[in-house]
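Shown next, in structure tokens, is the structure this report addresses.
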Amino acid sequence: MQVVLGGVGDSLVSENPFTPKASVIRYWNKEIRREITKTHFLLSKVSPLTAVDSASFSKLAAQNDLASHLPSFCSSAKLFCFPDLSPSLEKHPKDERFAVYSNKNFSNYGTDRLAGVDSFKNYSEDSNIVVDSFHRYSRDSTGHKEQFANYASEGNVVDQNFHSYAASATGGSGNFNNYNREVNNPNLRFSSYGDDSNGHGQTFKQYTENANAGNGQSFSSYGKNGNGVPNDFSSYGKGANVIGSGFSGYGEAANGANDSFTSYGFDSNAPQNTFKSYGDGGNAAVNTFSSYRDQSNVGDDSFQSYAKNSNGEKVDFSNYGQSFNEGTDKFTGYGQGAVGQSIGFKIYGRNSTFKDYAKKEGIVFGRYNSGSSSETAQVKGGSSAVNKWVEPGKFFREKLLKQGTVMPMPDIKDKMPVRSFLPRTIVSKLPFSSSKIGELKRIFHAGDNSTLETVMLDALKECERAPSPGETKRCVGSAEDMIDFAASVLGRNVEVRTTENVKGSKQNIKIGSVKGINGGKVTKSVSCHQSLYPYLLYYCHSVPEVRVYEADILDPKSLEKINHGVAICHLDTSSWSSNHGAFLALGSGPGRIEVCHWIFENDMTWTISDS
């Protein structure tokens, strides 16, 4: 028996009847009124497992034993999994240059090293998944230098763990230059980094510059009990989009710490930084925050028990928080119990909370900016500053969808790792709840506080979020589940569409022929957007009161057709946030205008069929 997929003009495709793909074809033809013929983009997302492998892994899932076969499962099913790193037994007694390396465990590397330099240049460059562990690296060394230049730049999902790095080291330095530049999802952990070290300084220059999303960086017990340790964060997180950093117990009980944050979070979008018990019990520390979060959009910083119980602490905030579109800054118990501190706020942004703080001696506020965020935006460049984080063409008005219009197209390229759906016979046997995160971590080999744990929790929480008023939503990990949800909202007479390719991205395009779906009438649709997860997972939700269009996309100079785009126009925006990027870009507000956007690569929209 063979299942044949095809139609007039289509090549015939034969399938083993027991493969996941054949199963989806049968399911579609049973549940949907029109046979699947030209929706090959959906079939390309179906699991590539063979019939035998599908049955084998389904049995393992039923027996709760997938974890012991994870590498072969991930490889065969085309999933997003992190490599399991085992400690390196390699010996490197001399200076080394680690180039073109990736996914390594450098445990106990450089222990007791005397002088010398190790260079990690172009390490893990342009990789999809980068997982590296530096555990007890350079411990007890003397005068040893580490250089991380162009480390993991342009990677997709990066996970690095620096645990007990340079502990008890004397002298030497660590240099992180162009580290994680233009990474899509950086997640870095510095735990007990430089504890008990003496004069072993670190420089973070252009660190995570132009990076996107991610939980950013975690500095826990960094420099604890250190002596005379200078740390310089220059252009840290510059131009980044939604990056979070946490400094917990940083510099605790340190002597003579000297930390400089210059242009930290500069020109970024919604940076979030938490300083908890930073410098607690420190002696004669000097901390400088210069142009910190300057010219950023929104952003939130929390300083909790910062410099608590310290002696002779000197902190200077210059040009701090001069963001457009208000951010928030909270200083709780800052400098509490401190003796002889000197803290200055010069040209400090508005919308800040100082709790148990403002009455302290030794604190000076100069040119505290109490103006409105709109005033700040004018100072920084007016409307161009406000919408700089909204890519040209990402949102547009419906009137532009007509033949002959020349307009910019945003980058519609999918930036997530390539993954496939799981067969329903497997995904139905896996837990899918934040309450089951422990079991999920076991199955997918995710360590505590690891990037993969965070990725899964973020997706699960979004899926578990209560629907918005009037919204129906569901997260689906199989093609069958997506078909079921679309049919439950729209009925069995449906079609699914996506933009044909990514040509035209980040350049001007010309609109060719335009067709309104359902005759261009107001309709409803089901939109499905990817979520980052080990297997292909879509967040699907009903979208009422829309018009959906197909349009040929032309090169504006040659007039050659380069793409066939699908666009959706939301007619009711009354429930949208006033800070939504669409309103920043188009200059209006909720409920006042319709907002249109293209369907990006690998996203899709379902509508009632025209035929």
Side-chain angles (χ1 to χ4, degrees), residues 9 38-45 126 128 154 156 182 184 210 212-213 239 241 269 384 387-419 495-518 520 525-530 532 536 538 543 546-571 580-587 593-607 610:
K38 295 183 179 179
T39 51
H40 296 286
F41 79 90
L42 181 61
L43 293 176
S44 70
K45 303 178 188 312
D126 198 21
N128 186 35
E154 300 183 21
N156 190 15
E182 296 186 8
N184 186 36
N210 295 325
N212 179 46
N241 180 37
N269 183 38
S384 63
N387 65 24
K388 67 185 297 181
W389 283 105
V390 184
E391 190 177 7
K394 184 172 183 179
F395 301 105
F396 52 90
R397 301 294 299 274
E398 190 174 19
K399 63 185 180 183
L400 293 182
L401 283 171
K402 63 182 181 181
Q403 191 166 358
T405 298
V406 175
M407 60 187 291
M409 175 175 262
D411 184 3
I412 65 170
K413 182 177 175 60
D414 177 17
K415 295 179 175 62
M416 288 196 181
V418 176
R419 295 150 297 147
E495 292 184 64
V496 58
R497 296 176 173 84
T498 190
T499 298
E500 193 172 278
N501 56 60
V502 298
K503 292 180 180 178
S505 289
K506 299 193 292 186
Q507 66 186 55
N508 281 339
I509 58 168
K510 189 169 187 176
I511 303 297
S513 61
V514 179
K515 174 189 175 183
I517 305 305
N518 300 153
S525 71
V526 168
S527 288
C528 295
H529 315 280
Q530 284 189 83
L532 187 57
L536 186 57
Y538 277 90
V543 187
V546 298
R547 276 193 282 262
V548 181
Y549 295 90
E550 290 181 315
D552 287 339
I553 296 174
L554 314 179
D555 182 289
K557 294 181 179 179
S558 69
L559 301 184
E560 176 188 0
K561 178 183 172 182
I562 58 174
N563 204 343
H564 186 72
V566 177
I568 184 168
C569 293
H570 301 265
L571 306 183
H580 194 286
F583 303 132
L584 294 179
L586 303 177
I593 59 170
E594 86 293 339
V595 173
C596 305
H597 61 84
W598 298 105
I599 300 298
F600 283 26
E601 182 186 25
N602 289 325
D603 287 346
M604 61 190 81
T605 187
W606 295 73
T607 60
D610 279 329

- Between H597 and H570, how do the two ring planes meet: parallel, tilted or perpendicular, split at 30° and 60°? parallel
- Message: I'd like to know whether NZ of K394 has more than 12 heavy-atom contacts from other residues, nucleotides or ligands below 6.0 angstrom.
- Response: no
- Query: Okay, side chain of N518, backbone of G520: is any donor-acceptor separation there less than 3.5 Å?
  - Reply: no
- Any side-chain heavy atom of K506 sitting closer than 4.5 Å to one from K413? no
- Task: Can you establish whether the number of heavy atoms outside K510 located under 6.0 Å from its atom NZ is more than 12?
- Result: no
- Message: Is there a side-chain hydrogen bond (donor to acceptor under 3.5 Å, both in side chains) between D414 and Q530? Walk through the geometry before answering.
- Response: CA-CA 9 Å; D414 177 17; Q530 284 189 83; 2.8 Å; yes
- Task: For Y549 and E398, run side-chain contact (heavy atoms from CB on, under 4.5 Å): C-alpha distance rounded to whole Å, both residues' side-chain angles, the deciding distance at 0.1 Å, then the answer.
- Result: CA-CA 10 Å; Y549 295 90; E398 190 174 19; 2.5 Å; yes
- Message: Whether the side chain of R497 engages the backbone of E495 through a donor-acceptor N/O pair (distance < 3.5 Å, no angle test) should be reported.
- Response: no
- Note on the structure: With E594 as partner, the option from R547, R397, K399 fulfilling side-chain hydrogen bond (donor to acceptor under 3.5 Å, both in side chains) is R397
- CG on N563 to NZ on K503, rounded to 0.5 Å: 8.0 Å
- With no hydrogens and no angle check, is any side-chain donor or acceptor of S505 less than 3.5 Å from a backbone partner on I412? yes
- Below 4.5 Å, heavy atoms only, C-beta onward: do F600 and P410 meet side chain to side chain? yes
- Side chains of P417 and L532: does their closest heavy-atom pair fall under 4.5 Å? yes
- Message: Checking the side chain of D555 only, and the main-chain atoms of E560 only, is there a donor and an acceptor separated by less than 3.5 Å?
- Response: no
- Query: Do F41 and N602 have side-chain heavy atoms sitting under 4.5 Å apart?
  - Reply: no
- Task: Return yes if some donor-acceptor pair links the side-chain N/O of T498 with the main-chain N/O of D603 below 3.5 Å, else return no.
- Result: yes
- Would you call W598 and M409 a side-chain contact if the rule is heavy atoms closer than 4.5 Å? yes
- Item | Heavy-atom donor-acceptor pair, T499 side chain to N501 backbone, under 3.5 Å | no
- Message: Apply ring-ring contact (aromatic ring centres under 6.0 Å, His included) to residues F395 and H580 and explain how you reach the verdict.
- Response: CA-CA 11 Å; F395 301 105; H580 194 286; 5.4 Å; yes
